[in-house]
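Positions are given from 1, in the same order as the sequence printed here.
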Amino acid sequence: MNGRADISGDSFRQDRYGFLRWRILPQPGWEQWWDRIVVADGIKQRLEDYSRQAIRLRARFTQVGMPLHGLILLHGPPGTGKTSLAKGLANRLGQSTGEIIFAEVDAHAMPSQMLGESQRNVANLLEKSIPELAAKGPPVVVLIDEVTSVAVNRQMAMGGTDPVDVVRATDAALHGLDRLAADHPNVLLVATSNLEGAIDEAVMSRTDLVVEVPLPDRESRAEILADSLAELGSVFNSRSAQVRVHQADLPDLAAELEGLSGRRLRKLVFEALLLVANQGEPALTVDHLRLAAARSGSLPRT
């Protein structure tokens with residue numbers, strides 16, 4: 001493999017520190033994390049444009065003239081597809097470069113009740129675990145879900161029960177981010193957060209690209225419902241009952257479901273299926289979707 005370590009295989013592996021698991025991309029089936037995630041226009045293009053150019057060009061820049069840290073932040077309400085987009089982005093990059101290491105940080109492995117342990121964990125993640133992956137050769141995309149587990153806002157933390165340890169953990173994150181940026185330009189970090197304001201300002205200043213992933217608009221909600229109904233139909237229509245929701249019905253229904261996340265919309269389709277099964281009816285219709293939404297509190301009861 002041209003001098004690179006043998007990293008063949010398509011299953012997840014655990015790093016030796018227990019902070020992350022990783023695998024090689026692209027992989028069959030991973031296209032769904034990109035192609036089927038419905039977000040506002042322009043978001044996917046911004047992510048692709050930045051990521052490809054950052055991986056290609058960062059090694060040529062100085063840290064003074066172009067202080068890129070290879071850090072993307074995706075923020076927005078829960079269930080809007082932030083984590084899925086990170087997975088899909090890694091796979092897209094793998095399709096372009098031929099080989100990508102994709103790693104997911106175990107956020108639960110970072111905080112600790114032992115004094116100083118959180119700081120050591122964060123330092124080991126950024127200064128040992130991720131660099132060891134980077135040394136294997138291919139570009140590395142690291143997903144840090146809920147980045148506040150690594151770098152919480154230090155001002156907010158001062159009111160907590162153990163502010164000193166939290167502050168030191170964030171200090172370690174800042175140092176580690178700078179070291180990664182300087183020593184491993186083949187590393188791209190994708191962080192997610194439901195609460196942008198909970199992230200330390202110094203971490204935000206090191207972020208190259210900040211992308212808000214909002215709740216889906218009416219058109220996106222209709223598209224999400226259609227996608228989940230199509231998957232349901234591929235299974236359900238082979239049985240005695242049928243999915244009979246017409247495309248023309250979805251825009252009006254989507255208008256009534258304002259404020260729902262993509263995840264909630266997809267679960268709503270399954271809730272409608274349960275209604276059909278419980279009632280013994282032959283087909284799932286838009287009325288079942290409305291009833292499921294009303295029962296879940298997403299629509300006014302009538």
Side-chain angles (χ1 to χ4, degrees), residues 27-45 47 74-92 104 107 143 145-146 192-195 211-302:
Q27 290 293 333
W30 275 62
E31 297 87 353
Q32 66 176 329
W33 298 115
W34 188 260
D35 296 341
R36 296 180 62 186
I37 300 303
V38 182
V39 291
D41 289 344
I43 287 179
K44 291 181 180 180
Q45 192 63 55
L47 291 173
L74 301 175
H75 70 95
T80 52
K82 301 182 294 295
T83 300
S84 298
L85 281 176
K87 294 179 179 180
L89 177 63
N91 198 67
R92 294 279 287 191
E104 297 180 67
L143 168 61
D145 243 342
E146 290 308 319
T192 73
S193 179
N194 298 331
L195 300 169
V211 178
E212 180 182 7
V213 186
L215 291 169
D217 60 16
R218 175 181 175 177
E219 182 178 344
S220 296
R221 293 194 296 272
E223 188 175 346
I224 291 167
L225 288 170
D227 180 76
S228 287
L229 286 165
E231 178 167 321
L232 181 63
S234 68
V235 176
F236 199 36
N237 284 349
S238 64
R239 302 175 183 270
S240 59
Q242 301 286 312
V243 175
R244 294 177 184 167
V245 180
H246 302 293
Q247 289 288 330
D249 295 327
L250 293 180
D252 287 343
L253 176 62
E256 300 169 27
L257 297 174
E258 184 175 0
L260 267 63
S261 69
R263 182 186 297 149
R264 184 68 257 163
L265 289 164
R266 293 181 186 276
K267 290 179 182 294
L268 187 65
V269 173
F270 187 74
E271 291 171 17
L273 172 63
L274 296 180
L275 285 174
V276 173
N278 289 337
Q279 296 172 1
E281 298 186 6
L284 187 153
T285 68
V286 71
D287 290 335
H288 293 106
L289 291 168
R290 282 196 170 91
L291 180 56
R295 288 188 173 185
S296 67
S298 303
L299 286 177
R301 294 179 183 270
T302 57

For the residue pair T285 / R244, report whether a side-chain donor-acceptor contact shorter than 3.5 Å exists.
no

Side chains of E146 and N194: any donor to acceptor distance under 3.5 Å?
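Present: a donor and an acceptor within the cut-off.
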
Specify the closest pair of heavy atoms between [X] and [Y], including all atoms of both residues, with the distance to one decimal.
{"X": "A272", "Y": "A292", "result": "N-CB, 3.8 Å"}
{"X": "S261", "Y": "G79", "result": "CB-O, 3.5 Å"}
{"X": "Q247", "Y": "A226", "result": "NE2-CB, 3.8 Å"}
{"X": "V243", "Y": "G233", "result": "CG2-CA, 3.8 Å"}
{"X": "L47", "Y": "L74", "result": "CD2-CD2, 3.7 Å"}

Tell me whether Q32 at atom CD has more than 12 heavy atoms from other residues, nucleotides or ligands lying less than 6.0 Å away.
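Yes.
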
Taking atom CD of E271 as the centre, does the number of heavy atoms from other residues, nucleotides or ligands within less than 6.0 Å exceed 12?
yes

Could you give the distance from [atom1] ([X]) to [atom2] ([Y]), rounded to the nearest 0.5 Å?
{"X": "L268", "Y": "R221", "atom1": "CG", "atom2": "CZ", "result": "12.0 Å"}
{"X": "I43", "Y": "I37", "atom1": "CD1", "atom2": "CD1", "result": "12.0 Å"}
{"X": "S228", "Y": "R263", "atom1": "OG", "atom2": "CZ", "result": "12.5 Å"}
{"X": "H246", "Y": "L229", "atom1": "NE2", "atom2": "CG", "result": "12.0 Å"}
{"X": "L260", "Y": "L265", "atom1": "CG", "atom2": "CG", "result": "5.0 Å"}
{"X": "S84", "Y": "L143", "atom1": "OG", "atom2": "CG", "result": "10.0 Å"}

Within the 4.5 Å heavy-atom criterion, are [X] and [Y] side-chain neighbours or not?
{"X": "P216", "Y": "I224", "answer": "yes"}
{"X": "E31", "Y": "R92", "answer": "no"}
{"X": "L289", "Y": "E256", "answer": "no"}
{"X": "D227", "Y": "R266", "answer": "yes"}

Strictly distance-based, threshold 3.5 Å: is any side-chain N or O of [X] a donor or acceptor partner for the main-chain N or O of [Y]?
{"X": "K44", "Y": "L89", "value": "no"}
{"X": "N91", "Y": "W33", "value": "no"}
{"X": "N278", "Y": "L274", "value": "yes"}
{"X": "T80", "Y": "G76", "value": "no"}

Determine, step by step, whether L257 and L253 satisfy the side-chain contact (heavy atoms from CB on, under 4.5 Å) criterion, reporting the C-alpha distance in whole Å, the side-chain angles of both residues, the deciding distance to 0.1 Å, and the verdict.
CA-CA 7 Å; L257 297 174; L253 176 62; 3.9 Å; yes

Quick one: do E231 and R36 satisfy salt bridge (charged side-chain N to carboxylate O under 4.0 Å, His left out)? Show the steps, please.
CA-CA 11 Å; E231 178 167 321; R36 296 180 62 186; 2.6 Å; yes

Start with the C-alpha gap between D252 and R218, add the side-chain angles, then the distance that decides, and say whether side-chain contact (heavy atoms from CB on, under 4.5 Å) holds.
CA-CA 9 Å; D252 287 343; R218 175 181 175 177; 3.6 Å; yes

Worked check of salt bridge (charged side-chain N to carboxylate O under 4.0 Å, His left out) between K82 and D145:
CA-CA 9 Å; K82 301 182 294 295; D145 243 342; over 6 Å; no

Evaluate side-chain contact (heavy atoms from CB on, under 4.5 Å) for W30 paired with D35, printing each intermediate quantity in order.
CA-CA 9 Å; W30 275 62; D35 296 341; over 6 Å; no

Checking L275 against E281 for the side-chain contact (heavy atoms from CB on, under 4.5 Å) test, could you report, in this order, the C-alpha distance in whole Å, the side-chain angles of both residues, the deciding distance, and whether it holds?
CA-CA 9 Å; L275 285 174; E281 298 186 6; over 6 Å; no

